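Data block below; observations after.
In this text the structure is predicted, and so the values were computed from the model without any measurement. Hydrogens, waters and symmetry mates are skipped; everything else that's a heavy atom, side chains included, is used.
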Amino acid sequence: MEIIIEEISRGHKLLGRHKFAKQSINVGRGYHSDIILSDPHVCAEHLSIEFDGDNWLIADQDSINGCFLDDGNKPANGHIVRSGDVITLGKSQIRVVFPHHPVETSITLSPFENLINLTKHPVALFVNIALFAIITGWMFFLNNPKEVTFTQLFVPSIGLTLMFAIWPASVALISHLTKHDARIFTQLGLCFVFYNLTWFSDFIEALVKFNTSSQFPLTALLALLPISIAFCLFWLNCYVGFHMSGKRRTVVAVCLTTLLFGGSFLIEMSKKPDFSIRPHFNSTLLTPSFMFAKSSSVDEFIENSNELFSKAKKAAKEDE
């Protein structure tokens, strides 16, 4: 009878899987064991799993730290194995599975998987990273009151680009360490696409504020745009880097988004306002070409104003 033994972490993450077609399997730290564990709390001959013709039984080989079922204190010695049982030995865990053990439902490939793969194409990746660096340099130029040269723009733009590349590299590293496919270039492509979308959302927000008042309802909705972009980015990071259910992926994305924007909000709230005798203006300077409505000339403005005053005077006389 065949049996499968899985090495798992404390969080029940699969570390290794072995399939045997023999009636006795030895587990321990010794090199003669069928399953070799490096845990120093495991004996050289810790336990064996034996088939008596009807059932698989666990036999403790007089180990120092013993073996237990799951994370509890119930000894596993003499236990009749059922498919899916988790056995703790030392600080390690193994899971015993029979060939007929049911598996979880397969995760369907998302319809935009091909679109995601486009982001790792060398041309698309280069264009997105270059665009981000150019926009970063341009924003540094606009926010710098002093005249700067091209090389002075080049250094901060490249530095900020490399700093923003740390996040996709970190996600890929965690994915690799947890036995998943790192897909570093896909992570880089996705992140820089959404970084550029964030720049675009900032421009849209500035454009709307330039044409409307602060009380305009659309300005409040625009504040949700970068939050939505961040949520989509984190959701896709999980989709690309890890095998998890859609519900768990959504929960992780919500937590990361809350941590990002909630932390930024708390930092801003904790700052004490600096008193200055000079007024500070936080305005957006855009040319008239960015106005939604066509601007009027001075003569047209005076004419419209006079007409408005005339209507007001006429209405006041009618009320008397």
Side-chain angles (χ1 to χ4, degrees), residues 112 115-116 119 124-125 127-146 148 153-154 156-168 171 187-239 250 252-274 276 278-296:
F112 53 83
L115 184 61
I116 292 175
T119 60
L125 185 61
V127 169
N128 278 303
I129 295 177
L131 181 61
F132 178 84
I134 291 172
I135 296 176
T136 302
W138 178 249
M139 295 301 297
F140 178 79
F141 171 75
L142 293 178
N143 294 321
N144 197 329
K146 298 180 180 179
V148 292
L153 295 176
F154 184 78
S157 63
I158 295 300
L160 196 61
T161 302
L162 292 175
M163 186 180 72
F164 272 81
I166 293 176
W167 170 251
V171 175
Q187 294 285 7
L188 280 171
L190 276 175
C191 285
F192 278 96
V193 166
F194 279 86
Y195 293 161
N196 291 328
L197 286 177
T198 304
W199 284 125
F200 180 71
S201 70
D202 290 342
F203 171 75
I204 295 298
E205 185 177 359
L207 185 64
V208 171
K209 288 183 177 180
F210 178 70
N211 286 273
T212 59
S213 66
S214 59
Q215 303 299 322
F216 193 64
L218 186 59
T219 56
L221 293 176
L222 286 175
L224 299 176
L225 187 58
I227 298 177
S228 302
I229 292 175
F231 171 80
C232 293
L233 173 60
F234 294 142
W235 192 92
L236 287 171
N237 285 147
C238 295
Y239 174 81
T250 302
V252 172
V254 169
C255 291
L256 290 175
T257 305
T258 304
L259 182 64
L260 175 63
F261 288 92
S264 301
F265 177 76
L266 292 177
I267 292 174
E268 290 296 326
M269 291 292 292
S270 63
K271 292 181 179 178
K272 294 182 179 180
D274 297 328
S276 177
R278 298 181 179 179
H280 178 72
F281 298 98
N282 184 14
S283 59
T284 302
L285 299 178
L286 293 174
T287 63
S289 59
F290 288 99
M291 296 185 65
F292 293 155
K294 183 180 179 182
S295 59
S296 59

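At least one side-chain heavy atom of Ile116 sits less than 4.5 Å from a side-chain heavy atom of Leu236. Side-chain contact between Leu260 and Thr257 is absent, with no heavy-atom pair separated by less than 4.5 Å. Between Ile229 and Ser201, the closest side-chain pair of non-hydrogen atoms falls below 4.5 Å.
Between Cys238 and Val252, the closest heavy-atom pair is SG-CG1, 3.6 Å. Between Phe234 and Leu256, the shortest heavy-atom distance links the atoms CD1-CB, 3.6 Å. Residues Phe261 and Pro226 share a closest heavy-atom pair of CZ-O, 3.6 Å.
For Thr198 (side chain) and Phe194 (main-chain N/O), a donor-acceptor pair under 3.5 Å exists by modelled atom type. At least one donor-acceptor pair closer than 3.5 Å links the side chain of Gln187 to the backbone N or O of Asn237.
Rounding to the nearest 0.5 angstrom, the gap separating the CG atom in Leu115 from the CG atom in Leu190 is 9.0 Å. Note that CZ of Phe164 and SG of Cys191 are 10.5 Å apart. Values are rounded to the nearest 0.5 Å. Interatomic distance, Asn128 CG to Thr119 OG1, rounded to the nearest 0.5 Å: 8.0 Å. The structure places OG1 of Thr161 at 6.0 Å from CZ of Phe192, a figure rounded to the nearest 0.5 Å. Summarising the geometry, atom CG belonging to Leu225 is positioned 9.0 Å from atom CZ belonging to Phe200; distances are rounded to the nearest 0.5 Å. Between the CZ atom in Phe203 and the CD1 atom in Ile135 there is a gap of 11.0 Å [rounded to 0.5 Å].
The aromatic rings of Phe132 and Tyr195 sit tilted relative to each other, their planes meeting at an angle between 30° and 60°.
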